[in-house]
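By convention in this document, chain letters (A, B, ...) are assigned in the order of the sequence lines, proteins followed by strands, and residues within each chain are numbered from 1.
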Protein chains: 2
Amino acid sequence: MAASAVPTPTLRRLPKYYHYLKRIQGEGQEIISATQMAEDLGIHHTQVRKDLAATGSQGKPKVGHRVADLLASIETFLNWNSASDACLVGAGNLGSALLGYPGFDKAGIRITAAFDAHPSKVGKKIHGVPVYPVDKLEEVIRRLHITIGILTIPADRAQHVAEVMVQGGIRAMWNFAPITLDVPEDIIVENVELYASLAIFSRKLSERGTFRG
Amino acid sequence: MAASAVPTPTLRRLPKYYHYLKRIQGEGQEIISATQMAEDLGIHHTQVRKDLAATGSQGKPKVGHRVADLLASIETFLNWNSASDACLVGAGNLGSALLGYPGFDKAGIRITAAFDAHPSKVGKKIHGVPVYPVDKLEEVIRRLHITIGILTIPADRAQHVAEVMVQGGIRAMWNFAPITLDVPEDIIVENVELYASLAIFSRKLSERGTFRG
DNA sequence: TAGATTGTTAATCGATTAACAATC
DNA sequence: TAGATTGTTAATCGATTAACAATC
């Protein structure tokens, strides 16, 4: 793969811009300057300019950027226009919540199958997505040509499930389990690190606050 | 506040070490070298050493680190030993999932009250946590001396709720809504950016994959 | 035109990686 | 002792911020 020319921090900021732009668009605003965005989002204005430039969007000197253009640029850059089929393994609390999350559709990720180990969940639909037994994982993803896997299972089962996913043809994984998955190099893995945020939060609390106890 | 001497990337990595150490501890391992950790986690060994040093933990040359010591150091460093009371606003899919999340207890965050705008949820308990009407937010957090607020509500209501929280005495917020909250400077805000991870995932897909469509 | 804004090139800052001394 | 490991100091790398030219 070609290494991305776009820094990861930039990618992380793009959704921030996206949601901000959606909001002001909803308020009827059609033009926005990078200066204003920077101020509202608490980011340096040069940073905002570089990030927006990375998506290929261009503004007009003295005028600013068209909100609709920026939104379109971000969507295109992140490839949110073309859709992929995904499955989710682990229909527990977090998994069920994700099945009902509206953001994926927008991002072109269509969850068409869920899997769970508990017989009580199998056969039902959660937010419209059918739940299969987890031992049918390989068979179903192969049959439905699913290429994306979302892991919302406990850490101790994640590695095994990842291996079955690879067997079945999954090419990319979005992993919510707090474990470093060991998969072939050509498989994409993106880890959602909820605990990373919790650690930063905890540290801020212990640094600043005396209001614990 | 004093700026943290510990880099944010280090804080983000600490839970990774923590979960790794918990796992090998569960397998009966008592000693671990930074070299081995680095290899298993795909992180540079010097990085691991610096991160562990930041928590105040020390190893023995030629021997390694005691797993139990490392775990204790991380817990202490993140102040996971002392507990704080927190409330959660927005008992929807994500909110309910968080109420059932075992990680908070471990991190010393005890959710004692939840709030929701839907009358159907009010008065019930979700994972043992009572749900109050959201218009009682200020009153309840004041009465229960709650200092931490978790926001799992739609973006368009987050700013208003944040302001009520500040009114009621909340000093720190863990925000899951995709919006930059505007609160007084002395209020701690940590944003969980699920969409940041999704953006990185989407970009990886569009860079590497031809398996969309 | 004047001035606000864009967008680029240079300087700074901070994190990661490399080199190496210290220790059991 | 020899060698593996720790932990620190220096070098590199990359992102952020500053300075400035270009544009309408």
Test applied, side chain to side chain contact (heavy atoms under 4.5 Å, CB included); reference residue, A:I170; option that passes from A:L137, A:T147, A:I141:
A:I141
Say whether A:R171 and A:S84, considering side chains only, have a donor N or O and an acceptor N or O under 3.5 Å apart.
no
Between B:D51 and B:T10, is any side-chain donor less than 3.5 angstrom from a side-chain acceptor?
yes
Could you give all pairs that pass the ring-ring contact (aromatic ring centres under 6.0 Å, His included) test and reach residues 18-38 of chain A, with sequence neighbours left out?
A:Y18-A:W80, A:H19-B:Y195
Taking atom NE2 as the centre, does B:H127 end up with more than 12 heavy-atom neighbours from other residues, nucleotides or ligands that are less than 6.0 angstrom away?
yes
Dot-bracket encoding per residue of DNA chain D, Watson-Crick/G-U cut-off under 3.5 Å, | denoting interstrand:
..||||||||||||||||||||||
For B:E39, look at atom CD and say whether over 12 heavy atoms of other residues, nucleotides or ligands are found less than 6.0 Å away.
no
Footprint ends on DNA chain D, 5' to 3', for atoms under 4.0 angstrom from a heavy atom of chain B, come out as D:dG3 to D:dA10
Should the ring pair B:F104 and B:Y101 be called parallel, tilted or perpendicular, given that the plane angle runs from 0 to 90° and is split at 30 and 60?
tilted
Do B:Q159 and B:E163 meet the criterion of a side-chain donor-acceptor pair at a distance under 3.5 Å?
yes
Strictly by ring-ring contact (aromatic ring centres under 6.0 Å, His included), give each pair with a member in residues 34-70 of chain B just once, sequence neighbours left out.
none
Nucleic acid contacts - residues 42-50 of chain A versus DNA chain C, non-hydrogen atoms under 4.0 Å
A:T46, A:R49, A:K50
Could you tell me whether the side chains of A:R49 and A:T35 share a donor-acceptor contact shorter than 3.5 Å?
yes
Sugar-phosphate only, base, or nothing, as touched by A:K62 at under 4.0 Å among non-hydrogen atoms
base
Sub-4.0 Å heavy-atom contacts from residues 20-39 of chain B onto DNA chain D, ordered by number:
B:S33, B:A34, B:T35
If we ignore angles and hydrogens, is there a donor and acceptor under 3.5 Å between the side chains of B:Q29 and B:Q25?
no
Distance under 6.0 Å and angle within 45° of the ring axis: does A:R203 meet both against B:F77?
yes
